[in-house]
There are 2 protein chains.
Amino acid sequence: MTPAEPDQDATTDPGRLVDALVQTSFAVQQVLADAAAEHDLSLAQLRLLGILRDRTAAMSELARHLGLDRSSITGLVSRAERRGLVRRTPSPDDGRGVLVELTAEARSLGVALERDVGRGVVALAAGLGATERDRLTALLELVVERTY
Amino acid sequence: MTPAEPDQDATTDPGRLVDALVQTSFAVQQVLADAAAEHDLSLAQLRLLGILRDRTAAMSELARHLGLDRSSITGLVSRAERRGLVRRTPSPDDGRGVLVELTAEARSLGVALERDVGRGVVALAAGLGATERDRLTALLELVVERTY
DNA sequence: TATTGTTATACTCTATAACTATA
DNA sequence: TATAGTTATAGAGTATAACAATA
């Protein structure tokens with residue numbers, strides 16, 4: 001065992017932060033999965049709708065944003081299309097490309113989802129006062145800052 | 001639109017906290033999935049090992065802790081068993097019950113996993129100073145407090 | 001009767017490999 | 001040759017329904 005260094009990092013057991021972040025992440029994912037399930041959606045479909053909310057995307061872009069193989073996107077989008085949530089369009093710029101966009105139905109579903117997720121996550125933070133919530137927001141934004 | 005109430009809750013847009021928590025949860029889950037994948041494990045298997053680290057559990061207890069159907073646990077445990085990670089034992093108290101426990105191999109795998117997850121999560125928080133990390137830990141522990 | 005665990009079945013999600021069409 | 005997307009295939013994960021054994 002190496003002796004503790006007089007570092008700024010030695011204040012508190014880092015394991016507590018790790019545990020707290022991991023536990024929180026599972027709690028939040030549960031909120032997301034529950035909200036999705038209320039509308040008969042999977043978490044994967046929820047993520048797909050989330051990405052397409054602000055942009056039209058090519059299949060390969062979806063693969064990149066979701067961190068999945070292109071062949072996985074084919075199925076994900078096909079199932080969403082079958083349920084009337086997205087639409088495929090040939091890319092005007094690239095004869096090989098396919099653009100995916102949300103349908104109106106998916107947009108209204110998205111509003112309900114956002115509401116449900118918001119409620120669930122806010123409920124998680126119910127034990128915090130307004131000042132604490134603001135501090136937590138600021139700290140998490142620092143954490144996520146370099147996540148793209 | 002209802003007028004803003006002079007409530008303690010009206011300080012900051014709650015949507016920012018929701019977004020920050022959701023984004024953070026995905027980042028942490030990615031760390032977990034990556035760590036698991038490095039050892040050829042799925043996130044579900046990782047969670048199973050996590051639960052069994054501190055206790056032996058009956059199949060029905062695993063179902064409750066993981067929030068899954070009992071029939072799903074059968075497959076999860078069977079695949080873990082086939083890979084030498086867990087062992088099934090008849091319950092001494094209940095002729096119907098089956099107890100599940102980790103093998104020595106799973107325990108050493110768990111040590112490596114914990115190390116990798118710790119590194120990844122700490123890296124996520126690399127933008128924070130020691131004081132900020134401590135504050136974040138305290139706030140997240142308040143959030144997770146009522147999560148069991 | 002109720003509970004524990006399993007089986008059969010079906011679907012979603014995901015990856016790898018091979019293919020077609022376009023660039 | 002390289003890239004975009006699909007297909008075929010395989011496996012993990014999950015749920016529902018039906019079942020056997022035990023409580």
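Here is the naming used below: chain letters follow the sequence lines, and residue numbers restart at 1 for every chain. Side-chain atoms are counted along with the backbone in the values below, which use heavy atoms only and exclude waters and symmetry mates.
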**Prompt:** Can you give one letter per nucleotide of nucleotides 15-23 of chain D, going 5' to 3': B for a protein heavy atom under 4.0 Å from the base, S for sugar-phosphate only, - for none?
**Reply:** BBB---BBS
**Message:** Can you confirm whether the side chains of A:Asp19 and A:Gln23 place a donor and an acceptor under 3.5 Å from each other?
**Reply:** no
**Asked** What pair of heavy atoms forms the shortest contact from B:Thr56 to B:Glu61, and how long is it?
**Response** O-OE1, 4.2 Å
**Prompt:** With a 4.0 Å cut-off on heavy atoms, is B:Arg88 in touch with a base, just the backbone sugar-phosphate, or nothing at all?
**Reply:** sugar-phosphate
**Interatomic distance, A:Met59 CE vs C:dT20 P [rounded to whole Å]** = 19 Å
**Short side-chain donor-acceptor distance under 3.5 Å, B:Ser91 and B:Asp93** = no
**Message:** Using a heavy-atom cut-off of 4.0 Å across all strands, would you classify B:Gly75 as base, sugar-phosphate, or nothing?
**Reply:** nothing
**Request:** Return the value, rounded to whole Å, for the distance between atom CG of A:Leu41 and atom C1' of D:dT14.
**Result:** 16 Å
**Request:** Figure out the CD/P separation between B:Gln30 and C:dT14, and round it to whole Å.
**Result:** 11 Å
**Item:** Rounded distance in Å - CG (A:Leu48) to P (C:dT14)
**Value:** 10 Å
**Message:** Once you apply a heavy-atom cut-off of 4.0 Å, does A:Ile73 come out as touching a base, just sugar-phosphate, or nothing?
**Reply:** nothing
Less than 3.5 Å apart, which donor and acceptor atoms pair up between the side chains of residues 113-128 of chain B and the rest of the protein, not counting sequence neighbours?
residue: B:Glu114; atom: OE1; partner: B:Arg53; partner atom: NH1; Å: 3.2
residue: B:Glu114; atom: OE2; partner: B:Arg53; partner atom: NH1; Å: 3.2
residue: B:Asp116; atom: OD2; partner: B:His39; partner atom: NE2; Å: 3.0

**Asked** Think A:Arg79 has a side-chain N or O under 4.0 angstrom from the OP1 or OP2 of C:dC11?
**Response** no
**Asked** Mapping B:Ser78 and A:Arg83 onto DNA chain C by nearest heavy atom, which one lands closer to the 5' end?
**Response** B:Ser78
**Request:** Assign each of B:Ala44 and A:Thr74 to its nearest nucleotide of DNA chain D by heavy atoms, then name whichever residue's nucleotide is nearer the 5' end.
**Result:** A:Thr74
**Request:** Rounded off to whole Å, could you give me the CD-to-P distance for the A:Glu61 and D:dG5 pair?
**Result:** 8 Å
**Within-4.5 Å side-chain heavy-atom neighbours: A:Leu46 and A:Leu43** = yes
**Message:** Without decimals, in angstroms, what is the distance between B:Leu43 CG and C:dT14 P?
**Reply:** 12 Å
**Request:** Starting from P on C:dT14, measure out to CG on A:Leu76 and report it in whole angstrom.
**Result:** 6 Å
